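Single-structure report; data block below.
Numbers restart at 1 for each chain; the letters A, B, ... are given by sequence-line order, proteins then strands. It should be emphasised that the depicted structure is a prediction, and the values quoted were computed from it without experimental measurement.
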Amino acid sequence: MLSSTFCHIPGISEKTEQALWSSGVHSWSCPFPPTEVKLKQSTRNDWSHHIRESISHQENLTPKYFSDKLPSKELWRLYHDFQQVAAFLDIETTGLFGGDITTIALYDGVSIKHYVNGVNLHEFPNDIQNYRLLISYNGKSFDIPFIETYFNIRVPQAHIDLRYPLKSLGLQGGLKGVEKQLGINRDELNDVNGYDAVLLWNEYKKKGDKAVLDTLLAYNIQDTIVLHTLMVHTHNEKIKTTPFAKAYTLRKPELPQIPFKADFNIVRRVRMGSFGY
DNA sequence: TAGCATAGTCGGCTATCAAG
DNA sequence: CTTGATAGCCGACTATGCTA
């Protein structure tokens, strides 16, 4: 799908891209655009330059080039070509505005990494540099700014925030709301939410009970695994709106084993200990 | 060739929405 | 309670096409 993309080229927006597709320009292998497609002169002049640059960034696996130029509703197009350098990301914190990061989960589609405050959280700023494409839900507003403030680092990688493409597919109401609408089942973790993660952390700090931390980590990791499913869903639904669905539809992902056991009774218990429940 | 109409891009504005 | 991205709208600007 990336090599059928033209709306990252200056002067080409989605309408012109549509026109290119209809006139038979389906990929970057086209040496010059047909004259019946209306283009600015400068766009026509620089055509081969932009094509060469695009091919080179595709081959070198540098999604940032495209994420800077694409309209953000089209960032889903990056996933197929850059899966190898992508990671699904989710953080848990002690509150919505400010506070500490408690745990982080990173999932690259195969293996799972997790970080715990007071244990190995400090390794995260180094590890995150191994990925060139981050995928989150509402991470552009929450996770990434939170991480940048907390560690005092910049996280400049290309970033697909699934909140927006999912909304454009009619799926909104938060991550859990979207999962419900798609019939995704989390078993033991079905009714656990972000605030429970705050309570779990507080309880773990107070008593040091490993089973409490395990439940929190299971929840944190489950979020990133769901992101994989949602990314593939988004990709496959969006590709249907292009002429390229046949060529690029992705298989449903295999779901990995979560290396921690969640216990809903623990969630029930920490809720009892906090007012509001 | 000048003058006007049209189409497409792009920037600025605002209301909405999601995260622990 | 905050932060940032989005769609939708509107107006400016530019390139192109049509007509006389």
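- A residue-by-residue look at A:D161 and A:L96 shows that A:L96 has its nearest nucleotide of DNA chain C further toward the 5' end.
- Remark: C1' of B:dG20 and CZ of A:R271 are 14 Å apart, rounded to the nearest angstrom.
- Straight-line distance from the CD atom of A:Q172 to the P atom of C:dA5: 19 Å, rounded to whole Å.
- In this structure, A:D90 reaches the sugar-phosphate backbone alone: every heavy-atom distance under 4.0 Å involves primed, P, OP1 or OP2 atoms, never a base.
- For residues 1-27 of chain A, proximity to DNA chain B is found at A:G11, A:I12, A:S13, A:K15, A:T16, defined as any non-hydrogen atom under 4.0 angstrom from a strand atom.
- A:I144 comes within 4.0 angstrom of no nucleic acid atom, judged by non-hydrogen atoms across all strands.
- Side-chain to base pairing of A:T93 with B:dG20: no donor and acceptor N or O lie closer than 3.5 Å to each other.
- Between the P atom of B:dA19 and the CD1 atom of A:I101 lies a distance of 17 Å, rounded to the nearest Å.
- Rounded to whole angstrom, the span from the NZ atom of A:K140 across to the C1' atom of C:dT2 amounts to 19 Å.
- Distance from the side chain of A:K38 is smallest to B:dA7 among C:dA5, B:dC17, B:dA7.
- Using bins of under 30°, 30° to 60° and over 60° for the plane-to-plane angle, the ring pair A:F244/A:H26 lands in the perpendicular bin.
- When each of C:dT6, B:dG20, B:dA19 is scored by its nearest atom to the side-chain atoms of A:Y164, the top-ranked nucleotide is C:dT6.
- If you check every strand for non-hydrogen atoms under 4.0 Å, A:Y137 touches sugar and phosphate atoms only.
- In this structure C:dC1 sits in no base pair that meets the Watson-Crick or G-U test at under 3.5 Å.
- Looking at A:F260 and A:I221, their side chains come closer than 4.5 Å, going by heavy atoms from C-beta outward.
- Rounded to the nearest 0.5 angstrom, A:F264 CZ and A:D187 CG are separated by 12.5 Å.
- A ring-centre distance under 6.0 Å is found for A:F6 and A:W47.
- Rounded to whole Å, the distance from CD on A:E148 to P on C:dT2 is 20 Å.
- Note on A:G173: only backbone sugar-phosphate atoms sit closer than 4.0 angstrom, heavy atoms only; bases stay farther off.
- Across all strands shown, A:G174 has heavy atoms under 4.0 Å from sugar-phosphate atoms exclusively, and none from any base.
- The distance between the ring centers of A:H235 and A:Y248 does not fall below 6.0 angstrom.
- For the pair A:L162 CG and B:dA19 P, the interatomic distance rounds to 12 Å; values are reported in whole Å.
- Taking atom CZ of A:F142 as the reference point, atom C1' of C:dG4 lies 13 Å away to the nearest angstrom.
- Under the Watson-Crick or G-U wobble criterion, with both distances below 3.5 Å, B:dA2 is paired with C:dT19.
- Atom NZ in A:K176 sits roughly 10 Å away from atom C1' in B:dA19 (whole-Å rounding).
- Looking only at distances, a side-chain donor or acceptor of A:T43 sits under 3.5 Å from a matching main-chain atom of A:P10.
- The CG atom of A:N120 sits 7.0 Å away from the NE2 atom of A:H122 when rounded to the nearest 0.5 Å.
- Partner of A:E92 under the side chain to side chain contact (heavy atoms under 4.5 Å, CB included) criterion, chosen from A:I101, A:D223, A:D196: A:D223.
- Each of C:dC1, B:dG20, B:dA19 was ranked by its minimum atom distance to the side chain of A:D223; first place goes to B:dG20.
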